[in-house]
Amino acid sequence: MTGPAPAIPQHWWSGSSPPAPGPGVLDVGCGTGIAARQFQAAGCRVLGVDPDPRLAGLARQSGFGVEVATFEAWDPAGRAFDAVIAGQAWHWVDPVAGADKAAQVLRPGGRLAAFWNAFQPPPGLGEAFAGVYRQVMPGLPFNPWARPALDAYLAMCGTAAGGIRQAGAFGVPEQWRFGWDRRYTRGEWLDQVPTFGGHTQLPPATLDDLLAGIGAAIDAAGGSFTMRYTTVTATAARRASPDPA
């Protein structure tokens, strides 16, 4: 996973509706383990899958196993899980093939949940971040700070829900949304930036320039800031039997 993770939706484990899945969790595109650590803290047994061996190595330091592969090519070796999650990563997975693969490894009633965090920085800081990206990477085809992120993530969520529906092994997919805030110091935010999608492939000098510019923008804003997030989730429970249609 890349980027920050919100708190786990508490009704998954609180006994309220819908029924909570069991403790076996597969984290697709686990990245450095940001989401996986929260599921660990909730008492889950987590296995991660990520195509980047460097990120997988960092995630393993949190004490759970990580296997290096794309999800579509990953071999479950007969293992089954109660939940398949993907935080900030499902858009790298084919939405139908990924849902099919999730259905293969989920126990009946198990839940697939793909979620993204749409960020809204305080006034002025988002524009400053966008300016840093334009200066450091002028040929970047997509500047993540140049426009509101929520619309893009809602589109990803809709695509994921469509893939779940096409897979035919799940109940009707739902799309959840909830907001939350997180205060960051300069150092806390800069620690996260290298894990963002695509940033792991940047040349070291480019990443250094990017971090320096972002750090300077945060310094100019007082050294810390509050980021507003909206988490959007596409989720469904695996049916006990395939769709008869």
Side-chain angles (χ1 to χ4, degrees), residues 1-22 24-31 34-36 38-39 42 44 46 49 71-72 81-121 142 144 147-182 196-197 227-243 245:
M1 172 185 178
T2 59
I8 301 166
Q10 289 302 308
H11 59 257
W12 283 22
W13 276 269
S14 65
S16 60
S17 182
V25 174
L26 179 68
D27 185 357
V28 176
C30 67
I34 295 172
Q38 295 192 60
F39 281 85
C44 297
V46 181
V49 177
F71 184 50
E72 296 92 332
F81 300 85
D82 301 300
V84 174
I85 66 165
Q88 218 81 354
W90 197 252
H91 53 282
W92 298 108
V93 177
D94 180 276
V96 179
D100 280 333
K101 188 66 166 279
Q104 293 170 25
V105 302
L106 279 169
R107 297 183 176 94
R111 182 167 291 274
L112 168 61
F115 60 91
W116 293 265
N117 304 307
F119 39 74
Q120 182 180 340
F142 172 70
R147 60 182 181 179
L150 182 57
D151 289 347
Y153 286 121
L154 286 172
M156 291 178 188
C157 193
T159 299
I164 293 170
R165 191 176 291 108
Q166 281 187 252
F170 294 88
V172 176
E174 302 173 61
Q175 295 186 50
W176 299 343
R177 186 193 302 196
F178 61 96
W180 53 289
D181 295 329
R182 171 72 155 84
F196 292 170
M227 186 72 82
R228 176 68 178 168
Y229 290 99
T230 301
T231 295
V232 295
T233 306
T235 182
R238 184 186 182 280
R239 285 196 296 267
S241 59
D243 188 343

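The model shown is predicted, which means the values in this text are computed figures rather than measured ones.
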Of the non-hydrogen atoms in [X] and [Y], which two are nearest, and what is the gap between them?
{"X": "Pro173", "Y": "Ala236", "value": "CA-CB, 3.8 Å"}
{"X": "Ala36", "Y": "Val46", "value": "CB-CG1, 3.7 Å"}
{"X": "Ala35", "Y": "Asp27", "value": "CB-OD2, 4.2 Å"}

Query raised in the report: Does Arg238 use its side chain to pair, donor to acceptor, with the backbone of Ala103 at less than 3.5 Å?
Result: yes
Query raised in the report: Would you say the side chains of Thr235 and Arg111 form a donor-acceptor pair under 3.5 Å?
Result: yes
Requested in this report: Say whether Thr231 and Trp180, considering side chains only, have a donor N or O and an acceptor N or O under 3.5 Å apart.
Outcome: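 Side chains of Thr231 and Trp180: pair found under 3.5 Å.
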Query - side-chain contact (heavy atoms from CB on, under 4.5 Å) evaluation trace for Val105 with Val84 - result: CA-CA 8 Å; Val105 302; Val84 174; 3.9 Å; yes
Query - Test side-chain contact (heavy atoms from CB on, under 4.5 Å) applied to Asn117 and Thr230, step by step - result: CA-CA 6 Å; Asn117 304 307; Thr230 301; over 6 Å; no
**Report entry** Full working for side-chain contact (heavy atoms from CB on, under 4.5 Å) between Trp90 and Leu112
**Finding:** CA-CA 11 Å; Trp90 197 252; Leu112 168 61; 4.1 Å; yes
Query raised in the report: side-chain contact (heavy atoms from CB on, under 4.5 Å) between Val232 and Leu150: does it pass, once the steps are laid out?
Result: CA-CA 9 Å; Val232 295; Leu150 182 57; 4.0 Å; yes
From [X] [atom1] over to [Y] [atom2], what is the distance, rounded to the nearest 0.5 angstrom?
{"X": "Arg239", "Y": "Leu106", "atom1": "CZ", "atom2": "CG", "result": "13.0 Å"}
{"X": "Leu26", "Y": "Lys101", "atom1": "CG", "atom2": "NZ", "result": "9.5 Å"}
{"X": "Arg182", "Y": "Tyr229", "atom1": "CZ", "atom2": "OH", "result": "7.5 Å"}

Report task. Could you list the residues that satisfy side chain to side chain contact (heavy atoms under 4.5 Å, CB included) with Glu72, not counting sequence neighbours? Result -> Thr70, Val93, Asp94, Ala97
Query raised in the report: Do Trp176 and Phe115 come close enough that some side-chain heavy atom pair is under 4.5 Å?
Result: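 Side chain of Trp176 against side chain of Phe115, heavy atoms only: no contact under 4.5 Å found.
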Contacts table for residues 153-166: side-chain donor-acceptor under 3.5 angstrom, sequence neighbours left out:
from   : atom 1 : to     : atom 2 : distance (Å)
Tyr153 : OH     : Gln88  : NE2    : 3.3
Thr159 : OG1    : Ala155 : O      : 3.1

Report task. Verify the neighbour count for atom CZ of Arg177: are there more than 12 heavy atoms of other residues, nucleotides or ligands below 6.0 Å? Result ->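 Count not over threshold, so no.
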